[in-house]
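Please see the structure below; I have some questions.
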Amino acid sequence: MSDLLDTLQRPIRDLRISVTDKCNFRCPYCMPAEIFGEKYEFLPKAEILTFEEITRLARIFVALGVTKIRVTGGEPLLRRDLETLIAKLSQISGVQDLTLTTNGYLLADKAQSLKDAGLHRLTVSLDAIDDQTFNRMSGRTHGSERVLKGIRAAEKAGFQAIKINAVVQKDINDHLVIDLAQHFHNTGHILRFIEFMDVGNRNNWNLDQVVPAAEIIDRIHTVLPLEPLDPNYTGEVAKRYRYLDGGGEIGIIASVTQPFCGDCTRARLSTDGKLYTCLFASEGTDLRDSLRRGASNAHLRDQIARIWRRRTDRYSEIRSNHTPATRKIEMYQIGG
Ligand code: SAM
Ligand code: SF4
Ligand code: SF4
């Protein structure tokens, strides 16, 4: 089969699967508590893809060229028996990288069973070690220790080079980027700073709240000198740096100031089975409907291939500081 390419000659390589729209955090940049309150109605069970449906679609995506699968959410560890899904996905031949992004709150209890189920790698989100700032960034009140405990449990279970994602927001946690760098220096884990993005419609994004990647790197460089590293592969979202003292590697995801749409090979499957070809898309294609109407694998494959071939997305390269006229999908519905 010849490579499936979109209109900008980008192949399909990564699939991000959101397994739940629920979350036990209320990060203001993703699910602000004033909107996602107790009365907020999340998807009913019947609308959520089953593990069988997810696995069937994942196989089709792999047949079309996907080699990397990321399980995300919402908070994926809230999905009951997630290990069962991980085990199914890990058995698909052609999946070279199976990874999960979590806020870490439930990780201490889950790390070993996820490893046993065949999960290759982990990303844990942690925006600050300082409790007060952690609470502000996560909308919780328990401080960062529980997440740090989750990371320790993951190390013990055998996960190495865990990626630690930290969203940076000006005047909220940017004064603590050095603190985070020092915490993970010499641990073998890879801290990655993410520029605050204008995902969804509800986080009051403004360009003034974005700390440019170059500034974050400069600040760390003054304390822990760095040098750039080559990308591991084409399409890697994080720019890599290493500490000159041999203390390890960090990354920076500069989706706002240095967009990387040209190499974007990511497809996203929402909790209710819609396919999105961009994090900032307003419309997805309902694959669940096709699945539940009894579509054959060949039909689903053609449907996905048609969507990918028509793909033109390059939102980050053309974004402006204005609120877009169209509504966008929310981050917790399709994951990061
Ligand atoms: N709940 C899990 C977690 O937080 O790791 C997985 C889903 S979360 C939507 C995936 C990633 O998106 C997290 O690392 C989070 O920090 C990031 N994220 C969410 N909203 C963001 C925003 N507005 N700008 C940049 N990154 C964001
Ligand atoms: Fe939940 Fe992750 Fe969104 Fe925070 S970023 S609210 S942890 S889904
Ligand atoms: Fe990919 Fe869309 Fe992000 Fe560009 S804006 S890198 S096309 S997800």
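Side chains included, hydrogens not; waters and symmetry mates left out as well; all remaining heavy atoms used. Computed from a predicted structure; not experimentally measured. Whatever order the structure lists ligands and atoms in, that order sets their numbers, starting from 1.
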Worksheet item: Just wondering, is there an N, O or S atom on Cys23 that's nearer than 2.8 Å to atom 1 (Fe) of ligand 2?
Response: yes
Fill in: Check: His221 ring centroid to Tyr241 ring centroid under 6.0 Å
no
Discussion item. Considering both backbone and side-chain atoms of Pro76, is one of its nitrogen or oxygen atoms within less than 3.5 Å of a nitrogen or oxygen in ligand 1?
Written reply: no
Fill in: Nearest-option assignment for atom 3 (C) of ligand 1, heavy atoms, candidates Gly73, Cys30, Ser125
Ser125
Fill in: Tyr233 six-ring face occupied by Arg13 cation (under 6.0 Å, within 45°)
no
Discussion item. Using a 4.0 Å heavy-atom cut-off, which part of Arg16 comes near ligand 3: side chain, backbone, both, or neither?
Written reply: neither
Worksheet entry | Axial cation check for Tyr105 ring with Arg146, 6.0 Å and 45° limits | yes
Response to the item:
In ligand 2, the atoms that come under 4.0 Å of a heavy atom of Asn103 are 7 (S)
Item to complete: Just grab all the salt bridge (charged side-chain N to carboxylate O under 4.0 Å, His left out) pairs involving residues 104-126, residues at least two apart or on different chains.
Response: Glu83-Lys110, Asp97-Arg121
Worksheet item: Does ligand 1 have any atom that is closer than 4.0 Å to a heavy atom of Ser18?
Response: no
Worksheet item: Between Thr102 and Glu75, do the side chains contain an N or O donor and an N or O acceptor separated by less than 3.5 Å?
Response: yes
Practice prompt. Check each atom of ligand 1 against the heavy atoms of Glu195 and keep those under 4.0 Å away; list them by number with element.
Written response: 25 (C)
Worksheet entry | Heavy atoms of other groups near Gln132 CD, more than 12 under 6.0 Å | no
Worksheet item: Could an N or O of ligand 1 be found under 3.5 Å from any N or O of Thr72, whether backbone or side chain?
Response: no
Discussion item. Is there a side-chain hydrogen bond (donor to acceptor under 3.5 Å, both in side chains) between Gln303 and Thr285? Walk through the geometry before answering.
Written reply: CA-CA 9 Å; Gln303 188 179 11; Thr285 305; over 6 Å; no
Item to complete: Please say whether Val167 places an N or O atom under 3.5 Å from an N or O atom belonging to ligand 1.
Response: no
Worksheet item: Are any of the N or O atoms of Asp127 closer than 3.5 Å to those of ligand 1?
Response: no
Worksheet, complete the sentence: Within 4.0 Å of some non-hydrogen atom of Gly74, the atoms of ligand 2 are 8 (S)
Worksheet item: Which atoms of ligand 3 have any heavy atom of Arg268 under 4.0 Å away?
Response: 8 (S)
Worksheet, complete the sentence: Atoms of ligand 1 under 4.0 Å from any heavy atom of Glu75, numbered from 1 in the order shown, are 1 (N), 2 (C)
Worksheet item: Can you find an N or O of Thr101 that's nearer than 3.5 Å to an N or O of ligand 1?
Response: no
Response to the item:
Near Cys27 (heavy-atom distance under 4.0 Å), the atoms of ligand 2 are 4 (Fe), 5 (S), 6 (S), 7 (S)
Fill in: Residue-atom pairs from the protein, N, O or S only, that lie under 2.8 Å from atom 4 (Fe) of ligand 3
Cys261 SG
Practice prompt. Report yes or no: does Ser125 have a heavy atom closer than 4.0 Å to ligand 2?
Written response: no
Worksheet item: Which is it for Tyr40 and Asp21 under the side-chain hydrogen bond (donor to acceptor under 3.5 Å, both in side chains) test, yes or no, and what are the steps along the way?
Response: CA-CA 11 Å; Tyr40 189 85; Asp21 59 336; over 6 Å; no
Worksheet item: Hey, which of Thr141, Val147, Ile129, Asp127 is the one that makes side chain to side chain contact (heavy atoms under 4.5 Å, CB included) with Phe134?
Response: Val147
Practice prompt. Report, in ascending order of atom number, the atoms of ligand 1 lying under 4.0 Å from any heavy atom of Gly74.
Written response: 1 (N), 2 (C), 6 (C), 7 (C)
